[in-house]
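One structure is given below, encoded as structure tokens.
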Amino acid sequence: MATYDKGDRVRVTATFSSNSTGTNPDGGVVTTHRKPDGTDTDVSESASGGGVYVADVTLDQIGTHTIKFVGSGSVVAAEVIQLEVTKSVFDHS
């Protein structure tokens, strides 16, 4: 699992495929960011072609952040990404 500093903004990527071919889900994609305190936030994602979706997430809490991309319609699938945020020597909060 990758480790980041509190306050970092990262781009996460998910790839959807059907029969080993990158495919955009025709029912759309929903992306959710679960923060370490348990709150969920919807995240705007964008398709960059060939079933690849990206979302930018700000890591504003120390702990494990989980981002979940869920596709529907022609490609029913989910991808989960976990990012670990550690306290920086510059973080005095």
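Here R11 contributes atom CZ and S48 contributes atom OG; the two are 8.5 Å apart, rounded to the nearest 0.5 Å. Rounding to the nearest 0.5 angstrom, the gap separating the CZ atom in R34 from the CD atom in Q82 is 10.5 Å.
Within the 4.5 Å cutoff, no side-chain heavy atoms of T31 are placed close to those of D42. Residues V10 and L83 form a side-chain contact, since some pair of their non-hydrogen atoms from C-beta on lies under 4.5 Å apart. A heavy-atom distance below 4.5 Å is found between the side chains of H65 and H33. By the 4.5 Å heavy-atom criterion applied to side chains, Y53 and N24 are counted as neighbours.
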Item checked: side-chain contact (heavy atoms from CB on, under 4.5 Å) evaluation trace for L59 with K6 -> CA-CA 6 Å; L59 306 174; K6 182 178 172 186; over 6 Å; no

Next item on the list: Mind running side-chain hydrogen bond (donor to acceptor under 3.5 Å, both in side chains) on D37 and T39 for me, showing each step along the way?
Entry: CA-CA 6 Å; D37 67 4; T39 58; 2.8 Å; yes

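In summary, the side chains of E84 and T64 do present a donor paired with an acceptor at a separation below 3.5 Å, with no hydrogens or angles considered.
No continuous path of hydrophobic side-chain contacts links V57 to V30 [ILVMFWY only; heavy atoms under 4.5 Å]. Linking Ile, Leu, Val, Met, Phe, Trp and Tyr whenever their side-chain heavy atoms come within less than 4.5 Å leaves V70 and I67 in two separate clusters. Each of F69 and V52 belongs to its own hydrophobic cluster when Ile, Leu, Val, Met, Phe, Trp and Tyr are linked at side-chain heavy-atom distances under 4.5 angstrom.
One finds a salt bridge joining D60 and K35 here, because a Lys/Arg side-chain nitrogen approaches an Asp/Glu carboxylate oxygen to under 4.0 Å.
Summarising the geometry of V85 relative to D5, their closest heavy-atom pair is CG1-C, 3.7 Å, with the distance given to 0.1 Å. Heavy atoms only, all atoms of each residue included: T58 and G7 are closest at CG2-O, 4.4 Å. The shortest heavy-atom contact between T15 and E79 is N-OE1, 3.4 Å. For T32 against D40, the heavy-atom pair with the smallest separation is CG2-CB, 3.8 Å. Across G71 and F16, no two heavy atoms sit closer than the pair N-CE2, 3.6 Å.
Judged by distance alone, the side chain of T23 and the main-chain N or O of S17 form no donor-acceptor pair under 3.5 Å. The backbone N or O of D26 sits less than 3.5 Å from a side-chain atom of S74, completing a donor-acceptor pair.
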